[in-house]
Structures are given as C-alpha cells and as structure tokens.
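Values reported hereafter were calculated over all heavy atoms of this structure, with side chains retained and with hydrogens, waters and symmetry mates removed. All chains are named by letter (A, B, ...) in the order of the sequence lines, taking the proteins before the strands, and each is independently numbered beginning at 1.
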Protein chains: 2
Amino acid sequence: MANQYERISTDLRHQITSGELAEGDRLPAETELAKRYKVSVPTVRQGVGVLQSEGLLEKQHGRGTFVRRQPTPVTRTNLRHQWEKDRARESESERLKTGATEHDTGLTVNDLVFDAKYDRVPASAELAAAFDVPEGTMLLERIYRTRHSDELTPFNVSRSYLPLELVEPNPDLLREDLEPWPGGTQNQLFTLGIELDRIVETFRARPPTPEETEELGLPVGVSVVILRKTSIDTTDRVVEISDVVLPGDRTEIVYTTKLDRW
Amino acid sequence: MANQYERISTDLRHQITSGELAEGDRLPAETELAKRYKVSVPTVRQGVGVLQSEGLLEKQHGRGTFVRRQPTPVTRTNLRHQWEKDRARESESERLKTGATEHDTGLTVNDLVFDAKYDRVPASAELAAAFDVPEGTMLLERIYRTRHSDELTPFNVSRSYLPLELVEPNPDLLREDLEPWPGGTQNQLFTLGIELDRIVETFRARPPTPEETEELGLPVGVSVVILRKTSIDTTDRVVEISDVVLPGDRTEIVYTTKLDRW
DNA sequence: GAGTGGTCTAGACCACTGT
DNA sequence: CAGTGGTCTAGACCACTCC
C-alpha cells in the first residue's frame, strides 16, 4: 500500500468485514490509533474518513468512533397503490384502521408521528409543465413529515401538490387539521369524483443538500433517494404530484411488473 | 458562520448555484483561495471537500478544481419488460435491430461496447434462497459490462444468474461468444419453452465499495444504485436473477403502475 | 475534569499535468 | 519547468459527552 491513510482504512475495513470489529463497537481514540499505526493524528482521521464515507464508521463528537449498524430498510412497494385504491371507497371505520405508511413499514399508528402543513403556492415552471397548466397556477401544497415516535428526525419528508381549483369543491381538503386523512389521497380524490388510472414514479439517488442532511439527520456518506409520484386519473389528467425525499440507506423499493400472456 | 471551512463552502456553493461559477469552470488554486479567504491551505481543502461530496466540485490532480457538469441521466423504465417480452418471439432479423439498453438510452448499437463473461458457480446461501434451490446448486453466471464507445469506464455492470440445469437443454446459451444475443434473456428463455409471468425489481442506494468506485470510475460522493431483477415464469418459478450496479448520478428509474378500474 | 472528536495552522515534500 | 492538487507532520485550542 502506497499511502499511510489507505493502509489504515484497508486494515480497519478488514477488521470490520471479518467481524473482528462488530457493529456498535467503539474504535480506539484517534491519538491511540496514531500511536498504533505510527502516524500523525490527521492521517488517522483521513483514513477513518474513508470508511465514514463508505458508511462503515460513524463518528460521535465527544464519545468516539463506532462501527456503524447497518439500518434495516423500510420497503416501499408499488402494490401499495392498488391497495390504497381498493380502500378508497371503504367505510370510514374501515379506512381508519391503518394507512399506507403503516402498510409499508409494518408499524402501527401509535409508533408513528405525523406532521402536515398546508399552503397555497403558485406553480413553478417545472410543476406547471408536469401538470400541463400555465406557470403560476395556484396549487395546494402539503408538506408531510413522518417519524418514529422514539426518534427525533423524520424518516421521510414529502411534498404533495394538487391544483387548487381541483380540490376547492370539497373545503375539508383544505384543512390540515383533518390530517391524517383516513384512506389517504386516493380517498380525498374519491370525494371529488376522481378515479386514478395509473401512477408513474420516477426516482434518482444523489448526495443530499445541506438542508436535507440536517432535516433527515443523515450520517456522512449517505445519499438521498428522490421519488416523484405522478397520479393520473381516468381522463389522462395529472391530478397529484408528490415528491418524497428518503434516506438512501434505509429505503428499499420493490416494483412488480406483471406481463401480458402470450 | 461559525467555521472557516463552512464559510468557504457556503460561499463557493452560492457562486455555483447563482451561476457566477459555471459548469466546467476552474476554481483558483488552493494557495490562491487560502490567501483570498485568509486561511491556511488545509482549511481551504476542507471547504472544497464538502462541495466535492455534494457532487458540485471535482478535483483533478495536477490540473485544478472544476465545477462539475451534472450528468444527464439514463432512464430505465419498467415498460422495457413488456417490450422485451413482445419481441422475444419475433424473427431474428427483427430482434437484431435493437436491444433493451439501446431502448433505454436512445443510443444505437454502434455507440455501445458490450462485454460478456460466462462462468459456472455454486449458488451462495443468498442466491439459493432466492431461487428456492439447495445451497451449492450450480448456476450459470453471466457478467455484462456496458460502456459508451468513447468512454473508458462502463456505465453499468450486471451479473445474471440462471440455474444451470434450466439452460443446459440449449447448449448455445452456454456460449459467451454468441453475445450480444438478439432479443436478450427473454428470447433465450423462449428457446427453452419458458414464458415470464412477472418481474420483481428491488433496489437500494448505498455508498460504493472501493471496487465499485474503481470499476465504474465514480467521483467522490456519488452513490451506487443496486437493482435486483427477479424473473418469474408462468409456473411461479424463479428462472433468472440479475444484479445491476448503476452509478447513482446517471440513473433515473421510471415505473408505471396501472390500476384496476372501479 | 478526563477523554473524545472538531477546527485550524504553517509548513514540508511528493505526484501529476501541461508547456 | 512551473503550477496544480495529494500526502503528511506536530502541534494548538475548542466543543462535546460522561462521570
């Protein structure tokens, strides 16, 4: 190995993958590692930084450097959409039982804390194009934050947009205090006489912005998954767009494509 | 701003997002930036490192630090599966015209360089579970690397697995020199009398391993998207598993879910 | 208060790129 | 060759955590 810091990072990586260092274990202090590898402290920090960006180590100021626990991912499937559609016409008592997030995570309502903020915003050029409406058309913006009740940071932040004109016939849909709405968006649309035909989801992974790092409490090296859900009704009209930011290391997405028979 | 390096990174970030520094522009040398911000060179490097991990800057040893060009993503849709299935029974001349990768990227066959390696491997515990066969069952492993003809590093690496017993009836399927096979895997399966019922794809984003960084030529801060495609035939049997590693910054995935009518 | 990581300095020397 | 980033040192002082 040519470099000192790579010598350190490959050695520590082997210790982790071999199990010599287990998940949650604390590493020796940086001064101690410097003595052990016969290098200066900044060089140790450089080597540790490599493993931090690989998601193998996590530093905690004042406490130490720890082998990171690989988080168990939350699975999100496209079966949820049909499941939600089937529920949209159920009775309120039936719809109250559970929501799509609980459906995905297997958690009950009590484990989740939910926060909704409603606002009216003019459509940006990009959203206007997606809705096929003039730029500046008023939209209902709804920002949702979902987190586990025993954690501080949300595990997802989502922004949903609906043309204001579309939802105005039902004033209840403008009230954020009625969230969480039993049966979700598809039931809300049902109250407007709207039936969905299909849902198009696009997504990408990219490094987080500083705001996202803070908001989601992301460790170094974890990227975010950006998911845009576009809901299209039976008249081929885009009725809702929802942008979700998910922590890349805790998210698994599963899609089933059913094929036509020969 | 409390820290010097954050002062530098936020200032440079503003210059980039405001357009004052355009894509491809070279930054002043680190010594020059140190003078300008009245800090030491390592502090400049720390600030630049932040933007590097956000994918905004790219360092090139001996040349300078540049504002990174945001790559145009390759889109991969689930419509390709039905498209491939429809083609699987076409004549060879029809199938020769184009492949699924070209379908996604919009490139012609001449722009793409394709490399296939076949091997026989025993099933790992994990693959055996996915195929529902005993551990150690022999599998045909096929490793594909696809790259643009004018670039050195592949833009994806994929590993495909098929139970060896399944493909042996057609010896041509064991010959890597017949790649690229016109019509792809679904046509290969068709020669065995196998029809696919559905395809389940799961994917996740995570930081790359050192090997992946090297193989895909990934810049700092870019994560990889891991996609596992499981093909299930009309008898509910898993017939192929394909693992693809994609550069997160160049990949966009689009899935359409068609909903049943009320 | 002891121990940890976080920020920062002011250099030295090496490796790579271009002319 | 000059100019660039890459590696590394040997410290100083600050901020956080836990006892």
Side-chain angles (χ1 to χ4, degrees), chain A residues 1-13 16 21 24-68 152-153 210 213-214 217-221, chain B residues 1-13 16 21 24-68 152-153 210 213-214 217-221:
Chain A
M1 189 62 52
N3 303 328
Q4 301 274 37
Y5 81 91
E6 286 186 8
R7 199 187 92 224
I8 297 170
S9 61
T10 57
D11 182 49
L12 290 175
R13 192 185 298 110
I16 293 168
L21 280 167
D25 280 2
R26 211 197 75 181
L27 261 60
E30 297 182 338
T31 49
E32 170 60 26
L33 287 174
K35 258 185 259 171
R36 195 173 301 182
Y37 288 109
K38 299 190 191 305
V39 295
S40 68
V41 169
T43 301
V44 166
R45 293 175 62 80
Q46 196 178 355
V48 167
V50 170
L51 300 183
Q52 209 182 347
S53 72
E54 286 174 23
L56 293 174
L57 290 180
E58 184 175 353
K59 290 187 166 196
Q60 292 182 35
H61 193 172
R63 303 221 315 130
T65 303
F66 299 83
V67 179
R68 183 146 172 262
L152 286 172
T153 55
T213 301
E214 173 151 16
L218 294 172
V220 177
Chain B
M1 190 62 52
N3 303 329
Q4 303 274 38
Y5 81 91
E6 286 186 8
R7 198 187 93 225
I8 296 170
S9 61
T10 57
D11 182 49
L12 290 175
R13 193 185 296 112
I16 294 168
L21 280 167
D25 280 2
R26 210 197 75 182
L27 260 62
E30 297 181 339
T31 49
E32 169 60 25
L33 287 174
K35 260 185 257 171
R36 195 173 301 182
Y37 288 110
K38 297 188 191 306
V39 296
S40 68
V41 169
T43 302
V44 167
R45 292 175 60 81
Q46 195 177 355
V48 167
V50 171
L51 300 184
Q52 208 183 349
S53 72
E54 287 174 21
L56 294 174
L57 290 181
E58 184 176 353
K59 291 186 166 195
Q60 293 182 33
H61 193 171
R63 303 219 317 128
T65 303
F66 299 83
V67 179
R68 182 146 173 263
L152 285 171
T153 54
T213 301
E214 174 151 15
L218 294 173
V220 177

Pick out the pairs of N or O atoms, protein on one side and nucleotides 1-3 of chain C on the other, that lie under 3.5 Å.
residue	atom	partner	partner atom	Å
C:dG3	N2	A:G62	O	3.0

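- Rounding to whole angstrom units, CD of residue B:E6 and P of D:dC14 are separated by 18 Å.
- Of all non-hydrogen atoms in A:L27 and A:L33, the two that sit nearest each other are CD2-CD1, 4.3 Å.
- In this structure, the CG atom of A:L27 is 12 Å from the C1' atom of C:dG5, given to the nearest Å.
- In this entry the distance linking CD of B:Q4 with C1' of D:dC14 reads 14 Å, nearest Å.
- If you measure from atom CG of A:L33 to atom P of C:dG5, you get 8 Å, rounded to the nearest angstrom.
- Residue A:N3 places its side chain closer to D:dT7 than to any other of C:dT9, C:dG5, D:dT7.
- At distances below 3.5 Å, at least one donor-acceptor pair connects side-chain atoms of A:R68 with backbone N or O atoms of A:G55.
- Considering CD of B:Q4 and OH of B:Y37, their distance stands at 11.5 Å, rounded to 0.5 Å.
- Nearest heavy-atom pair, A:I8 versus A:V44, reported as atom, atom and distance to 0.1 Å: CD1-CA, 4.2 Å.
- What separates CD of A:E30 from P of D:dC8 is a distance of 16 Å, to the nearest Å.
- Between atom CD of residue B:E30 and atom NZ of residue B:K35 there is a gap of 13.5 Å, rounded to the nearest 0.5 Å.
- Closest heavy-atom contact between A:P28 and A:R36: CG-NH2, 3.7 Å.
- For the pair B:Y5/B:V50, a side-chain contact is recorded, criterion being any heavy-atom separation below 4.5 Å from C-beta on.
- The closest side-chain heavy-atom distance from B:S40 to B:T43 is below 4.5 Å.
- D:dT4 atom C1' lies 14 Å from atom NZ of B:K35, rounded to whole Å.
- In this structure, A:S40 does not reach the D:dG11 phosphate: none of its side-chain N or O atoms is under 4.0 Å from OP1 or OP2.
- For B:E54, the salt bridge (Lys or Arg N to Asp or Glu O under 4.0 Å) partners two or more places apart in sequence, or in a different chain, are B:R13.
- Put simply, CZ on B:F66 is 10 Å from C1' on C:dT17, counting in whole angstrom units.
- Rounded to an integer number of Å, the gap from B:Q60 CD to D:dG6 P is 10 Å.
- The residue A:T31 sits apart from the nucleic acid: no heavy atom pair falls under 4.0 Å.
- Residues from residues 41-58 of chain A placing a heavy atom under 4.0 Å of any atom in DNA chain D, listed by number, are A:P42, A:T43, A:Q46.
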